[in-house]
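As structure tokens, the structure follows; a few thoughts come after it.
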Amino acid sequence: MNREVKPYAHLLDRIMLYTSVFVIMGLSDAAIPILPELADSTLLANGAASSLIFSSFFIGALITMMPFGVLSDAYGHRLFIVIGLFLSLISGITIIVSDNVWVIVAARFVEGVGCGAFFPAAFAMLSDFKKRGQYFGEFNSLLNLGLAAGMGMAGILVASGTKNGLILFVGLMVPVFNVSIMVLVNNGLGNPVSNKNEIISVLVRSKSIFMHTEYLQIWLLSFVLFGSSGVLIALYPDFSIEFLDKGALGMYLASVYLSAMVTSLIGGRLRVRRDYLVRAGMGITGVGALAAMFDPIGLTLMGAGSGLGLVGLVTSVSHLDIEKGLAMGIFNTYTYAGLGLVPLVSGLMLSSLGYSGVFILNVVLMMAMVFLPMGALRQGQI
């Protein structure tokens with residue numbers, strides 16, 4: 001049942017969610033164009049250090065998404081929005097002040113934990129609204145705008161200081177954090193949908209949902225779509241270092257998210273079957289990833305496909321007959337498992353396969369997903 005809220009409370013929630021996802025994602029991606037500078041290549045060669053910094057963020061999110069999703073169902077979703085922002089702010093400050101690669105890895109891990117608190121709660125809040133498809137599209141659009149802004153501004157500002165992009169988004173996060181506190185005080189912690197005494201039993205039950213054959217196709221699609229596309233984003237700075245300067249690199253990587261922003265808005269308003277939307281997203285992403293090996297404009301096409309795929313997947317998850325925080329926690333766990341593990345493994349495979357071999361392997365994996373049965377994505381389809 002959709003919750004009843006006063007119009008101003010509804011608006012405050014959306015302002016909090018939309019501004020928060022913009023700055024959280026902007027801060028996370030402001031590190032990408034400067035991965036080679038943040039990484040100590042004497043510790044791990046051939047791009048593996050860059051992959052470690054990139055992946056530590058997603059590993060932190062991976063191990064916390066599901067438990068935080070369950071906790072947000074019990075204690076209120078707005079509370080975990082604030083927790084997520086706080087952890088992201090602290091980690092951003094740490095990366096700015098430290099030049100030690102292991103401290104940076106740890107800070108990125110904490111930043112991922114912040115996302116683990118934020119995303120299940122945010123998606124669960126949006127799932128309660130009647131216009132969930134539209135709101136998911138808008139939310140994902142701002143998510144990608146934040147990623148694009150972080151990537152683009154970091155590339156532009158690197159000439160005046162390596163970490164100036166990070167400094168910019170930490171500065172933006174401070175007023176957004178204050179707004180989230182105001183919304184928390186005004187609207188309350190959120191509407192608990194499960195009993196605090198049942199947290200352990202829900203976590204135990206989540207194991208069966210995590211590997212349930214009916215839902216596994218959704219989880220697998222999420223893992224591959226974002227894991228394999230994440231490989232190009234993580235490794236492209238090193239791959240392109242001989243033919244792209246930092247400014248051009250930042251703009252091309254930003255185009256991944258700008259195109260995803262556009263297709264998210266479109267996908268959220270399309271009246272088509274969600275499995276069609278996801279198939280199209282997977283296919284376009286795979287083609288774009290292959291094209292990016294020859295021309296960086298392929299990154300733009302890859303982003304367009306991922307925007308369609310995410311809207312189709314998250315809207316499908318919102319219709320599953322599972323507690324929303326738990327469902328979104330599992331969905332995000334698989335998404336961040338892909339983003340954390342696939343680029344990390346791919347980075348370690350560079351010495352034997354090279355960049356082209358790693359990229360082609362991930363393209364084949366994405367294209368194979370187009371032919372996966374997607375019956376679970378049509379649950380609740382109108």
Write out all pairs satisfying ring pair (Phe, Tyr, Trp, His ring centres under 6.0 Å) with one or both partners inside residues 130-150, taking only residues at least two apart or from two chains.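 As it turns out, the ring pair (Phe, Tyr, Trp, His ring centres under 6.0 Å) pairs with a partner in residues 130-150, which skip direct neighbours, are His10-Tyr135, Phe123-Phe136, Phe123-Phe139, Phe129-Tyr135.
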
Name all pairs fulfilling the ring pair (Phe, Tyr, Trp, His ring centres under 6.0 Å) condition that reach into residues 80-101, sequence neighbours left out, sorted by first residue then second.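 Applying ring pair (Phe, Tyr, Trp, His ring centres under 6.0 Å) to every pair that reaches into residues 80-101, excluding sequence neighbours, yields Phe68-Phe80.
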
Given side chain to side chain contact (heavy atoms under 4.5 Å, CB included), test Met369 with Val278 step by step and report yes or no. CA-CA 10 Å; Met369 293 297 102; Val278 174; over 6 Å; no

For a ring pair (Phe, Tyr, Trp, His ring centres under 6.0 Å) check, start with the C-alpha distance between Phe239 and Phe359, then their side-chain angles and the critical distance, and finish with the verdict. CA-CA 10 Å; Phe239 172 72; Phe359 290 168; 5.2 Å; yes

Pairwise side-chain contact, [X] with [Y], heavy-atom cut-off 4.5 Å (strictly under):
{"X": "Val101", "Y": "Leu52", "answer": "no"}
{"X": "His77", "Y": "Lys324", "answer": "no"}
{"X": "Thr335", "Y": "Phe119", "answer": "no"}
{"X": "Phe118", "Y": "Val21", "answer": "yes"}
{"X": "Phe223", "Y": "Val342", "answer": "yes"}

Which pairs, with at least one residue in [range] and sequence neighbours excluded, count as a side chain to side chain donor-acceptor pair (under 3.5 Å)?
{"range": "residues 111-123", "answer": "none"}
{"range": "residues 283-305", "answer": "Ser255-Thr300"}
{"range": "residues 219-233", "answer": "Ser228-Asn362"}
{"range": "residues 136-154", "answer": "Arg14-Glu138, Tyr18-Glu138, Gln134-Glu138, Glu138-Arg269, Asn140-Asn144, Asn140-Ser264"}

When rounded to the nearest 0.5 angstrom, what is the spacing between [atom1] in [X] and [atom2] in [Y]?
{"X": "Leu320", "Y": "Phe331", "atom1": "CG", "atom2": "CZ", "answer": "10.5 Å"}
{"X": "Leu232", "Y": "Met366", "atom1": "CG", "atom2": "CE", "answer": "6.5 Å"}
{"X": "Phe57", "Y": "Leu27", "atom1": "CZ", "atom2": "CG", "answer": "8.5 Å"}
{"X": "Leu344", "Y": "Ile53", "atom1": "CG", "atom2": "CD1", "answer": "12.0 Å"}
{"X": "Leu244", "Y": "Tyr252", "atom1": "CG", "atom2": "OH", "answer": "7.0 Å"}

Counting only N and O atoms by type, is there a donor-acceptor contact under 3.5 Å from the side chain of [X] to the main-chain atoms of [Y]?
{"X": "Ser20", "Y": "Leu17", "result": "no"}
{"X": "Arg108", "Y": "Ser28", "result": "yes"}
{"X": "Asp73", "Y": "Gly325", "result": "yes"}

Are Thr315 and Arg274 linked by a side-chain donor-acceptor pair shorter than 3.5 Å?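 Judged by distance alone, the side chains do not pair up.
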
side-chain contact (heavy atoms from CB on, under 4.5 Å) against [X], all qualifying residues, sequence neighbours excluded:
{"X": "Ala304", "answer": "Ser259, Thr263"}
{"X": "Thr19", "answer": "Ile15, Val176"}
{"X": "Val256", "answer": "Ile233, Leu299, Met302"}

Any pair counted as salt bridge (charged side-chain N to carboxylate O under 4.0 Å, His left out), so long as it reaches residues 60-69, sequence neighbours left out: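 Passing the test, one end in residues 60-69: no pairs.
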
Kindly state each residue pair satisfying salt bridge (charged side-chain N to carboxylate O under 4.0 Å, His left out) with at least one member in residues 154-171, sequence neighbours excluded.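 Counting only pairs at least two positions apart or across chains, the salt bridge (charged side-chain N to carboxylate O under 4.0 Å, His left out) contacts touching residues 154-171 are Asp99-Lys163.
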
Nearest heavy-atom neighbours spanning Leu85 and Phe177: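 Shortest heavy-atom contact: CB-CD1, 3.8 Å.
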
Could you tabulate the donor-acceptor pairs under 3.5 Å formed by side-chain atoms of residues 152-159, not counting sequence neighbours?
none

Step by step, work out the side chain to side chain contact (heavy atoms under 4.5 Å, CB included) result for Leu126 and Arg132. CA-CA 6 Å; Leu126 293 172; Arg132 69 182 78 177; 5.9 Å; no

Is Phe22 linked to Leu265 within one hydrophobic cluster, defined over Ile, Leu, Val, Met, Phe, Trp and Tyr using a side-chain heavy-atom separation of less than 4.5 Å?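 Hydrophobic grouping puts Phe22 apart from Leu265.
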
Test log, rule side chain to side chain contact (heavy atoms under 4.5 Å, CB included), inputs Met328 and Ser318: CA-CA 8 Å; Met328 293 302 175; Ser318 73; 3.9 Å; yes

Taking it one step at a time, do Ile90 and Val110 satisfy side chain to side chain contact (heavy atoms under 4.5 Å, CB included)? CA-CA 8 Å; Ile90 294 301; Val110 172; 5.6 Å; no

